[in-house]
Amino acid sequence: MPELPEVEITRRRIEPLLLERQIARVKTTRDSYFFLTKPKTLRRALPGRRVTAVTRQGKYLIADLDNGQRLLLHLGMTGQFFGAGATSVRLLSSTQRAALSPETQVKFEPDEHTHLQLWFDDAGPAVFFRDVRKFGKVRLLKCNESDPRLDRLGIDALKVSGEDLFRASKPRKAAIKNLLLDQSVCAGIGNIYADEALFISGVRPTRRAFRMTRSECNQLATNLQRVLSRSIETGGASISDFVGPDGEDGHYQDETQVYGRTGKPCHHCATTIRRTVLAQRGTHYCPSCQR
DNA sequence: GTTCCCCTGCGG
DNA sequence: CCGCAGGGGAAC
């Protein structure tokens, strides 16, 4: 799912569900790729703790704990971080969905994909982290412990300037889209927003980075901010898995110009949108508007 | 730089 | 059956 806007939406809406509540009980699935910190360690360390803040760096969420430790979370491709009260068909498999009448609202019950369950000592809702593909990550950092994943992040995509992009582009012969996806250059951009910002900027994703002009880099930086901010405004993009912590869908998927529109007419010039592959990702562009 | 892999599910 | 999917890291 999640790129910067979806992670930011998750941060804003999960924070009030966590702040100043004492964790009473922690349930996990068995150890897997998902757990950078062993599940047994989490079950032992988290009870008794309170979250004092939730921040975001690129696509990572960081929950500060009241003892100075920090919980590092990444949603991967299919991560869902939500309150127990959330009701959304996106929390169900398609077979489960098919068995339901459209109006039914089913309370979510933790399943085999619900890798982390935080239960509190008050009457409020539990908080769950579910991730079908297990590309997500959870790690408990000790006081002042750093993490190489955070250390290598570049400037946040909401703050990147045209000059930053221009400087990073000069020595690169790879495609500009690959540069945008490189989290050490600029943190938070993923496949959807790279394609969308390049479309608005009139730049083809396959363009060699060093061929970008200063003015195109300025345009690109502006359009990245525009696209990311607009997506945050609309609650993020709910393409297949993303739900907000309250179970709400985002709506940005209804506004994409090129992403997911292969074979459809460009909204600007009606030329058929094409799909190619860059950095192992489906890449969507208008061959007429983007040069 | 590419290429392959992690994992599960959906849709053609 | 096959290809595809908002991610990222390690190995060539």
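Source: prediction; values computed, not measured. Here is how names work: the chains are called A, B, and so on, in the same order as the sequence lines, proteins then strands, and each is numbered from 1.
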K.L.:
Quick check on DNA chain B: between A/Tyr33 and A/Ala175, whose nearest nucleotide comes earlier from the 5' end?
P.N.:
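Per heavy-atom nearest nucleotide, the more 5' residue is A/Ala175.
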
K.L.:
Once you apply a heavy-atom cut-off of 4.0 Å, does A/Tyr193 come out as touching a base, just sugar-phosphate, or nothing?
P.N.:
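The residue A/Tyr193 makes no contact with any strand.
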
K.L.:
Can you tell me which nucleotide in C/dG7, C/dG8, B/dG1 comes closest to the side chain of A/Lys173?
P.N.:
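Taking heavy atoms from C-beta onward, the closest nucleotide is B/dG1.
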
K.L.:
Whole Å only: how far is the CZ atom of A/Arg90 from the P atom of C/dA5?
P.N.:
17 Å

K.L.:
Taking only the C1' atom of each, what is the distance from B/dC6 to C/dC1 in whole angstrom?
P.N.:
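Pairwise C1' distance, B/dC6 against C/dC1, rounds to 22 Å.
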
K.L.:
Quickly work out the A/Leu278 CG to C/dC4 P distance and round it to whole Å.
P.N.:
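Roughly 14 Å, once rounded to whole Å.
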
K.L.:
Given atom CG of A/Asn191 and atom P of C/dG8, what is their separation to the nearest angstrom?
P.N.:
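From A/Asn191 CG to C/dG8 P: 11 Å.
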
K.L.:
Does A/His113 put a side-chain nitrogen or oxygen below 4.0 Å from OP1 or OP2 of B/dC7?
P.N.:
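No.
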
K.L.:
Taking the side chain as every heavy atom from C-beta outward, state whether A/Val51 and A/Asp64 have any atom pair closer than 4.5 Å.
P.N.:
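No, too far: nothing below the 4.5 Å cut-off.
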
K.L.:
Hey, does A/Ser32 reach any base, or is it just sugar-phosphate, or nothing, if we go heavy atoms under 4.0 Å?
P.N.:
nothing

K.L.:
To the closest 0.5 Å, what do you measure between NE2 (A/His284) and OH (A/Tyr259)?
P.N.:
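Interatomic distance, A/His284 NE2 to A/Tyr259 OH, rounded to 0.5 Å: 5.5 Å.
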
K.L.:
May I ask you to decide if A/Leu228's main-chain N or O and A/Ser231's side chain share a donor-acceptor pair within less than 3.5 Å?
P.N.:
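No, A/Ser231 side chain to A/Leu228 backbone: no donor-acceptor pair under 3.5 Å.
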
K.L.:
Do the side chain of A/Glu196 and the main chain of A/Thr256 share a donor and acceptor less than 3.5 angstrom apart?
P.N.:
no

K.L.:
Let's see if you can work this out: which of B/dG1, B/dG9, C/dG8 has an atom nearest to the side-chain heavy atoms of A/Ala174?
P.N.:
B/dG1

K.L.:
If I take atom CG in residue A/Asp131 and atom C1' in nucleotide C/dG7, what distance separates them, rounded to the nearest angstrom?
P.N.:
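My rounded result for the distance is 10 Å.
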
K.L.:
Mind checking A/Thr262 for me? I need base, sugar-phosphate or nothing, with any heavy atom below 4.0 Å counting as a touch.
P.N.:
nothing

K.L.:
Tell me if the CZ atom of A/Arg43 is crowded by more than 12 foreign heavy atoms within 6.0 Å.
P.N.:
yes

K.L.:
Below 4.0 angstrom from OP1 or OP2 of B/dT8, is there any side-chain N or O of A/Lys134?
P.N.:
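Indeed, a polar side-chain atom of A/Lys134 lies that close.
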
K.L.:
Could you state the atom-to-atom distance from CG of A/Leu181 to C1' of C/dG9 in whole Å?
P.N.:
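Spelled out: CG on A/Leu181 to C1' on C/dG9 is 14 Å.
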
K.L.:
Side chain of A/Gln280: nearest nucleotide among B/dT2, B/dC10, B/dC4?
P.N.:
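Nearest to the side chain of A/Gln280 among the choices is B/dC4.
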
K.L.:
Looking at every strand, decide which applies to A/Tyr60 at a 4.0 Å heavy-atom threshold: base, sugar-phosphate, or nothing.
P.N.:
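Contact class for A/Tyr60: sugar-phosphate only.
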
K.L.:
Over how many whole Å does the gap from A/Leu92 atom CG to B/dC10 atom C1' extend?
P.N.:
15 Å

K.L.:
Should A/Glu145 and A/Arg70 count as an ion pair when the cut-off is N to O under 4.0 Å?
P.N.:
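No, this pair does not count.
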
K.L.:
For residues A/Phe210 and A/Phe166, establish whether the separation of their ring centroids is below 6.0 Å.
P.N.:
no

K.L.:
So if I take every side-chain heavy atom of A/Asn178 and compare against C/dA5, C/dG7, B/dT2, which nucleotide ends up nearest?
P.N.:
B/dT2

K.L.:
According to a strict under-4.0 Å criterion, is A/Lys137 in side-chain N/O contact with OP1 or OP2 of C/dG7?
P.N.:
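For C/dG7, OP1/OP2 do not have a side-chain N/O of A/Lys137 under 4.0 Å.
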
K.L.:
Provide the Watson-Crick or G-U wobble partner of B/dC7, both distances under 3.5 Å; none if there is no partner.
P.N.:
none

K.L.:
Reckon A/Arg133 has a side-chain N or O less than 4.0 Å from the OP1 or OP2 of C/dC4?
P.N.:
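No.
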
K.L.:
Kindly say if A/His74 contacts the phosphate of C/dG7, meaning a side-chain N or O under 4.0 Å from OP1 or OP2.
P.N.:
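It does not, given that no N or O in the side chain of A/His74 lies less than 4.0 Å from OP1 or OP2 of C/dG7.
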
K.L.:
Using atom P of each nucleotide, how far apart are C/dA10 and B/dC7 to the nearest Å?
P.N.:
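Pairwise P distance, C/dA10 against B/dC7, rounds to 16 Å.
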
K.L.:
To the nearest Å, how far apart are A/Ile239 CD1 and B/dG9 C1'?
P.N.:
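Answer to the nearest Å: 16 Å.
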
K.L.:
Could you state the atom-to-atom distance from OH of A/Tyr259 to C1' of C/dA5 in whole Å?
P.N.:
7 Å

K.L.:
Under 5.5 Å between ring centres and under 30° between planes: true for A/Phe135 and the base of B/dC6?
P.N.:
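Yes, the aromatic ring of A/Phe135 stacks with the base.
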
K.L.:
Counting only side-chain nitrogens and oxygens, does A/Arg149 get under 4.0 Å of the OP1 or OP2 atom of C/dG7?
P.N.:
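No, outside the criterion.
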
K.L.:
For the side chain of A/Arg281 and the base of C/dG8, is some donor closer than 3.5 Å to an acceptor across the two?
P.N.:
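Result: at least one qualifying N/O pair found.
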
